[in-house]
Amino acid sequence: MVGLNNIKETDFVNVTIQSLMRVTPLRNFFLIPENYHSCKSPLVHRFGELTRKIWHSRNFKGQVSPHEFLQAVMVASKKRFRIGAQSDPVEFMSWLLNTLHTDLGGTKKSNSSIIYKCFQGQLEVVKEIQNRKVNEKKEETEKQQKVTGMEDKAEPDDVVREICRMPFLMLGLDLPPPPLFKDVMEKNIIPQVPLFNILKKFDGESITEVVRPQIARMRYRVTRLPQYLILHMRRFTKNNFFVEKNPTLVNFPVKNLELKDYIPLSVPKTNEKLRSKYDLIANIVHDGKPGEGSYRVFVQRKSEEGWYEMQDLHVSETLPQMVALSEAYMQIYEQQQ
């Protein structure tokens with residue numbers, strides 16, 4: 001296990017890299033430069049170099065500096081992610097996966113790059129919007145009803161329904177709001193929620209209400225599961241004045257996360273097995289205040305099934321029970337074959 005130098009507030013990059021290094025097919029692809037020698041992107045080559053440094057068998061130092069990779073990130077992201085400014089690992093992970101996919105010549109087709117092969121799943125989204133024209137007619141009829149004193153039953157056609165399928169690389173989970181008031185002991189009780197409760201958002205029945213770009217009721221259903229599932233807990237909410245952090249603890253299994261019990265999955269084709277069991281391989285945690293604080297990551301070492309806690313250069317062995325007690329922010333699960 002190799003630590004990464006924190007050059008200056010770059011722990012958000014370090015935890016993302018350490019998590020992605022646990023994704024075996026991705027690691028194997030980048031360990032062999034011939035896989036992407038025709039690619040012109042400096043970001044891809046720097047990421048490959050960093051992968052080879054981390055997994056080098058003769059690396060006598062227990063650390064690696066991601067400096068060249070960070071410089072490629074600064075150029076490619078037009079300084080959106082830079083040395084000396086703390087950023088969000090979820091935003092960075094999303095940007096990095098999409099940029100690597102495009103730079104490797106990936107298209108919108110599934111399996112068109114190693115990124116999509118590992119992480120791409122599919123959602124069915126049902127969107128219900130109030131029909132404006134019908135509403136305007138309704139208002140007119142209501143006015144007439146007031147004049148005539150007659151009532152009319154609501155028509156079912158005042159809702160426009162759109163159904164579409166869309167790919168995803170990670171799923172965002174909403175946490176329940178924390179309690180506003182302190183308990184008798186003058187302490188805020190830190191609420192806990194099982195992972196399965198917040199996964200219900202993707203069961204195709206639970207309704208999520210959105211305001212932007214217009215008020216709508218959304219229902220999501222997972223139609224295809226990826227080989228590696230990235231989940232992120234929406235801990236931070238921005239309002240006009242400040243960023244708030246939700247301290248809710250999520251209870252999750254480290255092994256054998258069975259999704260088919262909570263999310264209705266489509267029946268696989270003949271000769272195919274329904275693979276819906278997952279094991280955790282990486283868990284990113286945020287400590288401290290929102291907007292500041294630091295990130296650390298728990299990763300699993302496959303060879304001995306042990307867990308390690310990594311914060312920049314600090315690498316220490318830990319117990320699986322400790323992983324489950326942390327304020328999880330982003331997780332990567334691996335599908336059992």
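None of these values were measured; they are calculated from a predicted model.
- In this structure, Thr237 and Asn246 have side chains that are not in contact, with every pair of non-hydrogen atoms separated by 4.5 Å or more.
- Ion pairing between a basic and an acidic side chain is recognised when a charged N comes within 4.0 Å of a carboxylate O; Lys53 and Glu68 show such pairing.
- Side-chain atoms of Asn6 and Asp11 form no donor-acceptor pair, as typed in the model, at a separation below 3.5 Å.
- For the pair Phe168/Phe202, no side-chain contact is recorded, criterion being any heavy-atom separation below 4.5 Å from C-beta on.
- In this structure, Tyr333 and Tyr278 have perpendicular ring planes: the angle between them is above 60°, well past the 30° mark.
- The aromatic rings of His286 and Phe236 sit perpendicular, their planes meeting at an angle over 60°, well past the 30° parallel limit.
- Applying side-chain hydrogen bond (donor to acceptor under 3.5 Å, both in side chains) to Asp279 and the options Gln336, Gln300, Gln335 leaves one that passes, Gln336.
- Lys255 and Glu305 are joined by a salt bridge, as a carboxylate oxygen and a charged side-chain nitrogen come within less than 4.0 angstrom of each other.
- Contact check on Arg22 versus Glu334 returns no salt bridge, with no Lys/Arg side-chain nitrogen under 4.0 Å from an Asp/Glu carboxylate oxygen.
- Taking the centre and axis of the six-membered ring of Trp55, the NZ or CZ atom of Arg27 falls inside the cone set by 45° and 6.0 Å.
- Stacking of Lys109 on the aromatic ring of Tyr116 is not recorded, the 6.0 Å distance cut-off and the 45° axial limit not both being met.
- Counting heavy atoms from C-beta on, the side chains of Val23 and Ile281 come closer than 4.5 Å.
- Below 30°, between 30° and 60°, or above 60°: for Phe92 and Phe12 the angle between ring planes is above 60°, a perpendicular geometry.
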